[in-house]
Protein chains: 2
Amino acid sequence: MTTQTKPVLHGYFRSSCSWRVRIAFALKGIEYDQVPVNLIKDGGQQSHSDAASPMIKLTDQYKALNPMQQVPAVNIDGITLSQSLAIIQYLEETRPGRRLLPVDPKKRAQARMISDIIASGIQPLQNLSVIQKIGAEKLQWSQHFITKGFEALEPILKQTAGTYCVGDEISMADICLVPQVYNAERFKVDLSKFPTIKRLNETLLKLEEFKVSHPSCQPDTPPDLQA
Amino acid sequence: MTTQTKPVLHGYFRSSCSWRVRIAFALKGIEYDQVPVNLIKDGGQQSHSDAASPMIKLTDQYKALNPMQQVPAVNIDGITLSQSLAIIQYLEETRPGRRLLPVDPKKRAQARMISDIIASGIQPLQNLSVIQKIGAEKLQWSQHFITKGFEALEPILKQTAGTYCVGDEISMADICLVPQVYNAERFKVDLSKFPTIKRLNETLLKLEEFKVSHPSCQPDTPPDLQA
(Lines give C-alpha, C1' and ligand atoms only; values in the text may rest on other atoms or scores of the structure.)
Protein backbone atom coordinates (compact mmCIF):
# COMPACT_ATOMS: atom_id res chain seq x y z
CA MET A 1 0.00 0.00 0.00
CA THR A 2 1.36 3.42 -0.91
CA THR A 3 1.02 6.66 0.99
CA GLN A 4 -1.85 8.72 -0.35
CA THR A 5 -2.28 12.44 -0.15
CA LYS A 6 -6.06 12.37 0.25
CA PRO A 7 -7.62 9.80 2.58
CA VAL A 8 -10.15 7.47 0.96
CA LEU A 9 -13.30 6.61 2.92
CA HIS A 10 -14.99 3.35 2.00
CA GLY A 11 -18.47 3.81 3.38
CA TYR A 12 -22.20 3.72 2.84
CA PHE A 13 -24.50 6.73 2.95
CA ARG A 14 -26.82 5.28 5.60
CA SER A 15 -24.24 3.56 7.79
CA SER A 16 -24.13 5.38 11.11
CA CYS A 17 -20.47 4.40 11.61
CA SER A 18 -19.56 5.86 8.19
CA TRP A 19 -21.39 9.07 9.11
CA ARG A 20 -19.29 9.34 12.29
CA VAL A 21 -16.13 9.39 10.19
CA ARG A 22 -17.59 11.88 7.71
CA ILE A 23 -18.38 14.25 10.61
CA ALA A 24 -14.83 13.90 11.95
CA PHE A 25 -13.34 14.68 8.52
CA ALA A 26 -15.62 17.73 8.29
CA LEU A 27 -14.76 18.98 11.79
CA LYS A 28 -11.05 18.60 11.05
CA GLY A 29 -11.47 20.25 7.65
CA ILE A 30 -9.88 17.29 5.87
CA GLU A 31 -10.61 16.67 2.20
CA TYR A 32 -11.18 13.02 1.33
CA ASP A 33 -12.48 10.79 -1.42
CA GLN A 34 -15.44 8.48 -0.94
CA VAL A 35 -15.85 4.97 -2.32
CA PRO A 36 -19.38 3.72 -1.64
CA VAL A 37 -19.53 0.05 -0.62
CA ASN A 38 -22.68 -1.97 -1.12
CA LEU A 39 -23.17 -4.21 1.92
CA ILE A 40 -26.54 -5.53 0.82
CA LYS A 41 -25.71 -8.94 -0.58
CA ASP A 42 -28.68 -9.21 -2.93
CA GLY A 43 -27.48 -6.09 -4.68
CA GLY A 44 -30.78 -4.36 -3.99
CA GLN A 45 -29.08 -1.00 -3.63
CA GLN A 46 -26.94 -1.54 -6.70
CA SER A 47 -29.44 0.10 -9.04
CA HIS A 48 -28.94 3.39 -7.25
CA SER A 49 -25.35 3.67 -8.41
CA ASP A 50 -24.57 5.88 -11.32
CA ALA A 51 -21.57 6.63 -13.47
CA ALA A 52 -20.52 9.59 -11.37
CA SER A 53 -20.27 7.56 -8.17
CA PRO A 54 -19.27 3.97 -8.81
CA MET A 55 -20.47 1.74 -5.99
CA ILE A 56 -18.49 -1.37 -5.23
CA LYS A 57 -20.14 -4.60 -4.20
CA LEU A 58 -18.97 -6.58 -1.22
CA THR A 59 -16.21 -8.23 -3.18
CA ASP A 60 -13.20 -10.27 -2.18
CA GLN A 61 -11.27 -7.07 -2.83
CA TYR A 62 -13.16 -5.28 -0.06
CA LYS A 63 -12.88 -8.28 2.26
CA ALA A 64 -9.11 -7.98 1.92
CA LEU A 65 -9.36 -4.29 2.81
CA ASN A 66 -11.62 -4.87 5.80
CA PRO A 67 -11.93 -8.51 6.86
CA MET A 68 -14.87 -7.60 9.15
CA GLN A 69 -16.78 -6.86 5.91
CA GLN A 70 -18.24 -3.73 7.43
CA VAL A 71 -17.99 -0.04 6.69
CA PRO A 72 -16.23 2.28 7.22
CA ALA A 73 -12.65 1.57 6.25
CA VAL A 74 -10.21 4.36 5.53
CA ASN A 75 -6.98 4.35 3.51
CA ILE A 76 -4.80 6.97 5.13
CA ASP A 77 -1.05 7.59 5.39
CA GLY A 78 -0.33 4.23 3.81
CA ILE A 79 -2.40 2.11 6.18
CA THR A 80 -5.98 0.86 6.19
CA LEU A 81 -8.02 1.43 9.31
CA SER A 82 -11.45 0.10 10.13
CA GLN A 83 -13.53 0.83 13.25
CA SER A 84 -14.81 4.40 13.33
CA LEU A 85 -13.54 5.37 16.80
CA ALA A 86 -10.03 4.16 15.98
CA ILE A 87 -10.16 6.21 12.77
CA ILE A 88 -11.48 9.32 14.56
CA GLN A 89 -8.83 9.11 17.28
CA TYR A 90 -6.12 8.61 14.64
CA LEU A 91 -7.27 11.84 12.99
CA GLU A 92 -7.26 13.53 16.41
CA GLU A 93 -3.69 12.44 17.12
CA THR A 94 -2.22 13.21 13.69
CA ARG A 95 -4.18 16.18 12.31
CA PRO A 96 -4.38 19.80 13.46
CA GLY A 97 -7.62 21.72 13.65
CA ARG A 98 -10.63 21.36 15.87
CA ARG A 99 -10.16 19.03 18.84
CA LEU A 100 -12.31 15.89 18.82
CA LEU A 101 -11.65 15.08 22.49
CA PRO A 102 -11.55 17.49 25.45
CA VAL A 103 -8.18 18.41 27.00
CA ASP A 104 -9.23 17.59 30.58
CA PRO A 105 -8.63 13.84 31.24
CA LYS A 106 -11.92 13.34 33.10
CA LYS A 107 -13.90 15.01 30.34
CA ARG A 108 -11.96 12.98 27.75
CA ALA A 109 -12.94 9.83 29.64
CA GLN A 110 -16.58 10.91 29.72
CA ALA A 111 -16.52 11.64 25.98
CA ARG A 112 -15.05 8.18 25.35
CA MET A 113 -17.56 6.57 27.72
CA ILE A 114 -20.52 8.13 25.91
CA SER A 115 -18.99 7.20 22.55
CA ASP A 116 -18.50 3.61 23.70
CA ILE A 117 -22.01 3.29 25.12
CA ILE A 118 -23.18 4.02 21.58
CA ALA A 119 -20.41 2.23 19.65
CA SER A 120 -20.31 -0.91 21.82
CA GLY A 121 -23.59 -0.86 23.68
CA ILE A 122 -26.19 0.24 21.13
CA GLN A 123 -25.05 0.34 17.49
CA PRO A 124 -23.61 -3.21 17.19
CA LEU A 125 -27.07 -4.62 17.83
CA GLN A 126 -28.44 -2.88 14.73
CA ASN A 127 -25.54 -3.86 12.54
CA LEU A 128 -26.57 -5.25 9.17
CA SER A 129 -25.30 -8.78 9.83
CA VAL A 130 -27.19 -8.88 13.15
CA ILE A 131 -30.41 -7.49 11.76
CA GLN A 132 -30.27 -9.97 8.89
CA LYS A 133 -29.93 -12.82 11.38
CA ILE A 134 -32.81 -11.54 13.52
CA GLY A 135 -35.06 -11.43 10.46
CA ALA A 136 -38.75 -10.60 10.82
CA GLU A 137 -38.47 -9.23 14.36
CA LYS A 138 -35.76 -6.72 13.52
CA LEU A 139 -37.87 -3.62 14.19
CA GLN A 140 -38.89 -4.78 17.67
CA TRP A 141 -35.34 -5.98 18.41
CA SER A 142 -33.78 -2.68 17.36
CA GLN A 143 -36.33 -0.60 19.25
CA HIS A 144 -35.66 -2.63 22.39
CA PHE A 145 -31.89 -2.14 22.36
CA ILE A 146 -31.90 1.50 21.24
CA THR A 147 -34.48 2.38 23.91
CA LYS A 148 -32.47 0.51 26.56
CA GLY A 149 -29.32 2.34 25.50
CA PHE A 150 -31.01 5.75 25.42
CA GLU A 151 -32.47 5.12 28.89
CA ALA A 152 -28.85 4.83 30.06
CA LEU A 153 -27.52 7.72 27.96
CA GLU A 154 -30.18 10.23 29.02
CA PRO A 155 -29.23 10.45 32.75
CA ILE A 156 -25.50 10.38 31.88
CA LEU A 157 -25.88 13.22 29.37
CA LYS A 158 -27.99 15.15 31.85
CA GLN A 159 -24.87 15.20 34.06
CA THR A 160 -22.16 15.77 31.43
CA ALA A 161 -23.82 17.99 28.82
CA GLY A 162 -23.56 21.68 28.31
CA THR A 163 -24.29 22.94 24.82
CA TYR A 164 -22.93 19.60 23.59
CA CYS A 165 -22.59 16.08 25.04
CA VAL A 166 -19.63 16.93 27.28
CA GLY A 167 -19.63 20.54 28.32
CA ASP A 168 -19.60 23.24 25.67
CA GLU A 169 -17.10 21.73 23.24
CA ILE A 170 -17.95 19.34 20.44
CA SER A 171 -16.35 15.93 20.93
CA MET A 172 -16.38 12.36 19.66
CA ALA A 173 -19.46 11.81 21.84
CA ASP A 174 -21.45 14.24 19.65
CA ILE A 175 -20.05 12.55 16.55
CA CYS A 176 -21.52 9.26 17.81
CA LEU A 177 -24.81 10.65 19.14
CA VAL A 178 -26.27 12.21 16.01
CA PRO A 179 -25.96 9.13 13.73
CA GLN A 180 -27.41 6.97 16.53
CA VAL A 181 -30.44 9.25 16.83
CA TYR A 182 -30.82 9.00 13.04
CA ASN A 183 -30.90 5.20 13.45
CA ALA A 184 -33.42 5.52 16.27
CA GLU A 185 -35.68 7.54 14.00
CA ARG A 186 -35.33 4.97 11.20
CA PHE A 187 -36.46 2.29 13.66
CA LYS A 188 -39.30 4.52 14.93
CA VAL A 189 -38.06 4.76 18.52
CA ASP A 190 -40.16 7.08 20.71
CA LEU A 191 -37.74 9.89 21.55
CA SER A 192 -40.13 11.89 23.74
CA LYS A 193 -38.70 10.22 26.87
CA PHE A 194 -35.21 11.53 26.08
CA PRO A 195 -35.31 15.35 26.20
CA THR A 196 -31.54 15.79 26.62
CA ILE A 197 -30.74 13.50 23.68
CA LYS A 198 -33.34 15.30 21.55
CA ARG A 199 -32.05 18.74 22.49
CA LEU A 200 -28.40 17.85 21.77
CA ASN A 201 -29.32 16.22 18.45
CA GLU A 202 -31.27 19.27 17.31
CA THR A 203 -28.44 21.63 18.27
CA LEU A 204 -25.83 19.52 16.48
CA LEU A 205 -27.86 19.03 13.30
CA LYS A 206 -27.78 22.79 12.76
CA LEU A 207 -23.99 22.74 12.39
CA GLU A 208 -22.48 22.76 8.91
CA GLU A 209 -20.21 19.76 9.62
CA PHE A 210 -23.19 17.59 10.52
CA LYS A 211 -25.16 18.83 7.50
CA VAL A 212 -22.55 18.17 4.80
CA SER A 213 -21.93 14.67 6.16
CA HIS A 214 -25.63 13.76 6.47
CA PRO A 215 -26.83 10.51 4.83
CA SER A 216 -29.23 12.54 2.68
CA CYS A 217 -26.47 14.14 0.61
CA GLN A 218 -23.73 11.58 -0.05
CA PRO A 219 -22.48 10.37 -3.45
CA ASP A 220 -24.34 7.08 -3.02
CA THR A 221 -27.58 8.48 -1.57
CA PRO A 222 -30.43 7.20 -3.77
CA PRO A 223 -32.41 10.02 -5.43
CA ASP A 224 -35.59 9.33 -3.43
CA LEU A 225 -33.70 9.79 -0.13
CA GLN A 226 -31.89 12.96 -1.11
CA ALA A 227 -32.62 16.08 0.89
CA MET B 1 -19.10 11.77 45.05
CA THR B 2 -15.79 12.28 46.85
CA THR B 3 -12.28 11.68 45.60
CA GLN B 4 -11.02 8.25 46.63
CA THR B 5 -7.47 7.13 47.07
CA LYS B 6 -8.03 3.59 45.78
CA PRO B 7 -10.19 3.04 42.70
CA VAL B 8 -13.17 0.73 43.17
CA LEU B 9 -13.98 -1.74 40.40
CA HIS B 10 -17.57 -2.92 40.23
CA GLY B 11 -17.33 -6.10 38.17
CA TYR B 12 -18.06 -9.77 37.81
CA PHE B 13 -15.48 -12.54 37.76
CA ARG B 14 -16.57 -13.97 34.40
CA SER B 15 -17.35 -10.71 32.59
CA SER B 16 -14.79 -10.29 29.81
CA CYS B 17 -15.10 -6.49 30.02
CA SER B 18 -14.37 -6.58 33.76
CA TRP B 19 -11.35 -8.77 33.10
CA ARG B 20 -10.02 -6.17 30.63
CA VAL B 21 -10.01 -3.55 33.38
CA ARG B 22 -8.40 -5.94 35.89
CA ILE B 23 -5.56 -6.58 33.41
CA ALA B 24 -5.07 -2.84 32.90
CA PHE B 25 -4.91 -2.24 36.67
CA ALA B 26 -2.35 -5.06 36.95
CA LEU B 27 -0.21 -3.77 34.06
CA LYS B 28 -0.21 -0.28 35.58
CA GLY B 29 0.52 -1.68 39.03
CA ILE B 30 -2.52 0.08 40.51
CA GLU B 31 -4.10 -1.23 43.71
CA TYR B 32 -7.89 -1.25 43.69
CA ASP B 33 -10.87 -2.61 45.56
CA GLN B 34 -13.40 -4.92 43.95
CA VAL B 35 -17.15 -4.93 44.46
CA PRO B 36 -18.72 -7.93 42.72
CA VAL B 37 -22.01 -7.19 40.99
CA ASN B 38 -24.53 -9.92 40.31
CA LEU B 39 -26.04 -9.33 36.89
CA ILE B 40 -28.07 -12.54 36.84
CA LYS B 41 -31.53 -11.36 37.71
CA ASP B 42 -32.75 -14.64 39.20
CA GLY B 43 -29.99 -14.38 41.78
CA GLY B 44 -28.60 -17.74 40.73
CA GLN B 45 -25.05 -16.65 41.40
CA GLN B 46 -25.97 -15.05 44.68
CA SER B 47 -25.32 -18.20 46.70
CA HIS B 48 -21.64 -17.99 45.80
CA SER B 49 -21.17 -14.81 47.77
CA ASP B 50 -19.63 -15.02 51.19
CA ALA B 51 -19.05 -12.65 54.04
CA ALA B 52 -15.53 -11.79 52.92
CA SER B 53 -16.64 -10.62 49.48
CA PRO B 54 -20.12 -9.14 49.60
CA MET B 55 -21.79 -9.39 46.20
CA ILE B 56 -24.32 -6.78 45.31
CA LYS B 57 -27.43 -7.55 43.32
CA LEU B 58 -28.45 -5.48 40.35
CA THR B 59 -30.09 -2.92 42.56
CA ASP B 60 -31.40 0.55 41.93
CA GLN B 61 -28.21 1.69 43.64
CA TYR B 62 -26.09 0.09 40.91
CA LYS B 63 -28.38 1.39 38.17
CA ALA B 64 -27.66 4.89 39.44
CA LEU B 65 -23.93 4.13 39.28
CA ASN B 66 -24.12 2.65 35.77
CA PRO B 67 -27.41 3.27 33.98
CA MET B 68 -26.40 0.71 31.29
CA GLN B 69 -26.74 -1.91 34.06
CA GLN B 70 -23.57 -3.61 32.90
CA VAL B 71 -20.17 -4.23 34.40
CA PRO B 72 -17.57 -2.88 34.77
CA ALA B 73 -17.96 0.51 36.40
CA VAL B 74 -15.10 2.18 38.21
CA ASN B 75 -15.11 4.88 40.87
CA ILE B 76 -11.89 6.79 40.37
CA ASP B 77 -10.70 10.32 41.11
CA GLY B 78 -14.19 11.36 42.14
CA ILE B 79 -15.99 10.25 38.98
CA THR B 80 -17.70 7.04 37.88
CA LEU B 81 -16.70 5.59 34.54
CA SER B 82 -18.27 2.70 32.68
CA GLN B 83 -17.14 1.18 29.37
CA SER B 84 -13.88 -0.72 29.70
CA LEU B 85 -11.95 1.01 26.89
CA ALA B 86 -12.81 4.45 28.26
CA ILE B 87 -11.60 3.30 31.70
CA ILE B 88 -8.38 1.78 30.30
CA GLN B 89 -7.57 4.91 28.30
CA TYR B 90 -8.27 7.09 31.34
CA LEU B 91 -5.71 5.03 33.28
CA GLU B 92 -3.30 5.38 30.36
CA GLU B 93 -3.65 9.17 30.32
CA THR B 94 -3.51 9.75 34.07
CA ARG B 95 -1.26 7.03 35.51
CA PRO B 96 2.46 6.38 35.10
CA GLY B 97 3.89 2.93 34.51
CA ARG B 98 3.63 0.53 31.63
CA ARG B 99 2.15 2.04 28.45
CA LEU B 100 -1.18 0.55 27.35
CA LEU B 101 -1.00 2.08 23.84
CA PRO B 102 2.04 2.29 21.52
CA VAL B 103 3.78 5.67 21.03
CA ASP B 104 3.65 5.52 17.22
CA PRO B 105 0.31 6.96 15.98
CA LYS B 106 -0.21 4.24 13.34
CA LYS B 107 0.44 1.48 15.83
CA ARG B 108 -1.83 3.23 18.36
CA ALA B 109 -4.54 3.27 15.70
CA GLN B 110 -4.02 -0.42 14.99
CA ALA B 111 -4.19 -1.25 18.70
CA ARG B 112 -7.46 0.70 18.97
CA MET B 113 -8.81 -0.93 15.79
CA ILE B 114 -8.16 -4.43 17.14
CA SER B 115 -9.62 -3.44 20.51
CA ASP B 116 -12.74 -2.05 18.82
CA ILE B 117 -13.21 -5.08 16.58
CA ILE B 118 -13.51 -7.05 19.81
CA ALA B 119 -15.28 -4.43 21.94
CA SER B 120 -17.79 -3.28 19.29
CA GLY B 121 -17.75 -6.11 16.74
CA ILE B 122 -17.69 -9.30 18.79
CA GLN B 123 -18.29 -8.96 22.54
CA PRO B 124 -21.56 -6.94 22.46
CA LEU B 125 -23.27 -9.86 20.75
CA GLN B 126 -22.53 -12.13 23.72
CA ASN B 127 -23.56 -9.59 26.30
CA LEU B 128 -25.84 -10.99 28.99
CA SER B 129 -28.88 -8.94 27.95
CA VAL B 130 -28.48 -10.07 24.33
CA ILE B 131 -27.94 -13.73 25.16
CA GLN B 132 -30.98 -13.68 27.43
CA LYS B 133 -33.09 -12.30 24.59
CA ILE B 134 -31.76 -14.89 22.12
CA GLY B 135 -32.71 -17.70 24.52
CA ALA B 136 -32.35 -21.33 23.48
CA GLU B 137 -30.17 -20.63 20.44
CA LYS B 138 -27.57 -18.67 22.38
CA LEU B 139 -24.73 -21.16 21.87
CA GLN B 140 -25.16 -21.23 18.08
CA TRP B 141 -25.64 -17.43 17.98
CA SER B 142 -22.49 -16.77 20.01
CA GLN B 143 -20.41 -19.25 18.03
CA HIS B 144 -21.53 -17.59 14.79
CA PHE B 145 -20.51 -14.07 15.80
CA ILE B 146 -17.29 -15.01 17.59
CA THR B 147 -16.17 -17.13 14.62
CA LYS B 148 -17.06 -14.32 12.20
CA GLY B 149 -15.09 -11.85 14.32
CA PHE B 150 -12.09 -14.14 14.66
CA GLU B 151 -12.08 -14.73 10.88
CA ALA B 152 -11.54 -10.98 10.58
CA LEU B 153 -9.08 -10.67 13.45
CA GLU B 154 -6.80 -13.50 12.31
CA PRO B 155 -5.58 -11.88 9.04
CA ILE B 156 -5.31 -8.47 10.73
CA LEU B 157 -3.23 -9.86 13.59
CA LYS B 158 -1.08 -11.78 11.12
CA GLN B 159 -0.07 -8.35 9.76
CA THR B 160 0.24 -6.38 13.00
CA ALA B 161 1.53 -8.91 15.53
CA GLY B 162 5.01 -9.48 16.82
CA THR B 163 5.28 -11.10 20.22
CA TYR B 164 1.98 -9.39 21.04
CA CYS B 165 -1.01 -8.12 19.04
CA VAL B 166 0.75 -4.99 17.77
CA GLY B 167 4.48 -5.48 17.52
CA ASP B 168 6.45 -6.48 20.57
CA GLU B 169 4.79 -4.27 23.18
CA ILE B 170 1.71 -5.19 25.15
CA SER B 171 -1.24 -2.91 24.39
CA MET B 172 -4.96 -2.50 24.89
CA ALA B 173 -5.41 -4.92 21.99
CA ASP B 174 -3.89 -7.73 24.08
CA ILE B 175 -6.04 -6.67 27.02
CA CYS B 176 -9.11 -7.19 24.83
CA LEU B 177 -7.94 -10.36 23.07
CA VAL B 178 -7.40 -12.70 26.00
CA PRO B 179 -10.84 -12.25 27.63
CA GLN B 180 -12.47 -12.67 24.20
CA VAL B 181 -10.65 -15.98 23.65
CA TYR B 182 -11.84 -17.04 27.12
CA ASN B 183 -15.41 -16.29 25.97
CA ALA B 184 -14.80 -18.22 22.75
CA GLU B 185 -13.72 -21.25 24.77
CA ARG B 186 -16.80 -20.98 26.99
CA PHE B 187 -18.95 -21.04 23.86
CA LYS B 188 -16.92 -23.96 22.43
CA VAL B 189 -15.68 -22.11 19.35
CA ASP B 190 -13.23 -24.13 17.23
CA LEU B 191 -9.97 -22.18 17.58
CA SER B 192 -7.88 -24.42 15.32
CA LYS B 193 -8.53 -22.10 12.35
CA PHE B 194 -6.96 -19.16 14.19
CA PRO B 195 -3.29 -19.96 14.81
CA THR B 196 -2.22 -16.35 15.39
CA ILE B 197 -4.99 -15.72 17.92
CA LYS B 198 -4.14 -18.99 19.69
CA ARG B 199 -0.43 -18.22 19.79
CA LEU B 200 -0.92 -14.69 21.15
CA ASN B 201 -3.40 -15.91 23.75
CA GLU B 202 -1.02 -18.60 24.99
CA THR B 203 1.88 -16.14 25.21
CA LEU B 204 -0.20 -13.57 27.10
CA LEU B 205 -1.70 -16.06 29.56
CA LYS B 206 1.80 -16.84 30.85
CA LEU B 207 2.22 -13.25 32.07
CA GLU B 208 1.62 -12.50 35.75
CA GLU B 209 -0.77 -9.59 35.00
CA PHE B 210 -3.07 -11.85 33.02
CA LYS B 211 -2.88 -14.59 35.68
CA VAL B 212 -3.77 -12.49 38.72
CA SER B 213 -6.72 -10.94 36.88
CA HIS B 214 -8.06 -14.27 35.54
CA PRO B 215 -11.74 -15.12 36.18
CA SER B 216 -10.64 -18.24 38.06
CA CYS B 217 -9.20 -16.30 41.00
CA GLN B 218 -11.41 -13.32 41.76
CA PRO B 219 -13.19 -12.55 45.05
CA ASP B 220 -16.52 -13.63 43.55
CA THR B 221 -15.30 -16.73 41.68
CA PRO B 222 -17.46 -19.65 42.85
CA PRO B 223 -15.43 -22.43 44.53
CA ASP B 224 -16.08 -24.94 41.73
CA LEU B 225 -14.58 -22.57 39.14
CA GLN B 226 -11.51 -21.62 41.12
CA ALA B 227 -8.13 -22.52 39.65
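Letters A, B, ... are given to chains in the order of the sequence lines, protein chains preceding strands, and every chain is numbered from 1.
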Quiz item: Among Leu81(A), Ile87(A), Asn66(A), Ile79(A), which residue meets the side chain to side chain contact (heavy atoms under 4.5 Å, CB included) test with Met113(B)?
Solution: Leu81(A)
Quiz prompt | Heavy-atom contact with chain A under 4.5 Å, split by part of Pro105(B) | solution = both
Exercise. For residues Glu151(A) and Lys63(B), determine if any side-chain heavy atom of one lies less than 4.5 Å from a side-chain heavy atom of the other.
Key: no
Practice problem: Quick one: which of Glu154(B), His144(B), Gln123(B) has the most heavy-atom pairs under 4.5 Å with chain A, could you say? | Solution: His144(B)
Practice problem: Side chain from CB out, backbone as N, CA, C, O: work out which of these in Ser115(A) comes under 4.5 Å of a heavy atom of chain B, or both, or neither. | Solution: neither
Quiz item: Taking Ala86(A), Gly121(A), Ala111(A), Ala64(A) one by one, which has the highest count of heavy-atom pairs under 4.5 Å against chain B?
Solution: Ala86(A)
Practice problem: Enter the distance from Asp116(A):CG to Ser82(B):OG here, rounded to the nearest 0.5 Å. | Solution: 8.5 Å
Self-check item: For chain A, which residues of residues 133-143 of chain B have heavy atoms nearer than 4.5 angstrom
Solution: Lys133(B), Ile134(B), Trp141(B)
Practice problem: Determine whether more than 12 heavy atoms belonging to other residues, nucleotides or ligands lie under 6.0 Å from atom NZ of Lys148(A). | Solution: yes
Quiz item: Which residue out of Val130(B), Leu153(B), Leu85(B) racks up the most heavy-atom pairs below 4.5 Å with chain A?
Solution: Val130(B)
Quiz item: Under 3.5 Å, side chain of Lys106(A) to main-chain N/O of Asp77(B), donor-acceptor pair present?
Solution: yes
Exercise. For Met68(B) and Gly149(A), work out which heavy atoms get closest and say how close.
Key: SD-CA, 4.0 Å
Self-check item: Non-neighbouring partners of Phe194(A) that pass ring pair (Phe, Tyr, Trp, His ring centres under 6.0 Å), sequence neighbours left out
Solution: Phe150(A)
Quiz prompt | Pairwise distance CZ(Arg112(A)) to CD(Gln83(B)) - rounded to 0.5 angstrom | solution = 13.0 Å
Quiz item: About how many Å separate OG of Ser120(A) and CG of Asn127(B), when rounded to the nearest 0.5 Å?
Solution: 9.5 Å
Practice problem: With a 4.5 angstrom heavy-atom cut-off, could you sort out which part of Ser84(B) is near chain A: side chain, backbone, both or neither? | Solution: neither
Self-check item: Structural part of Thr94(B) lying under 4.5 Å from a heavy atom of chain A
Solution: side chain
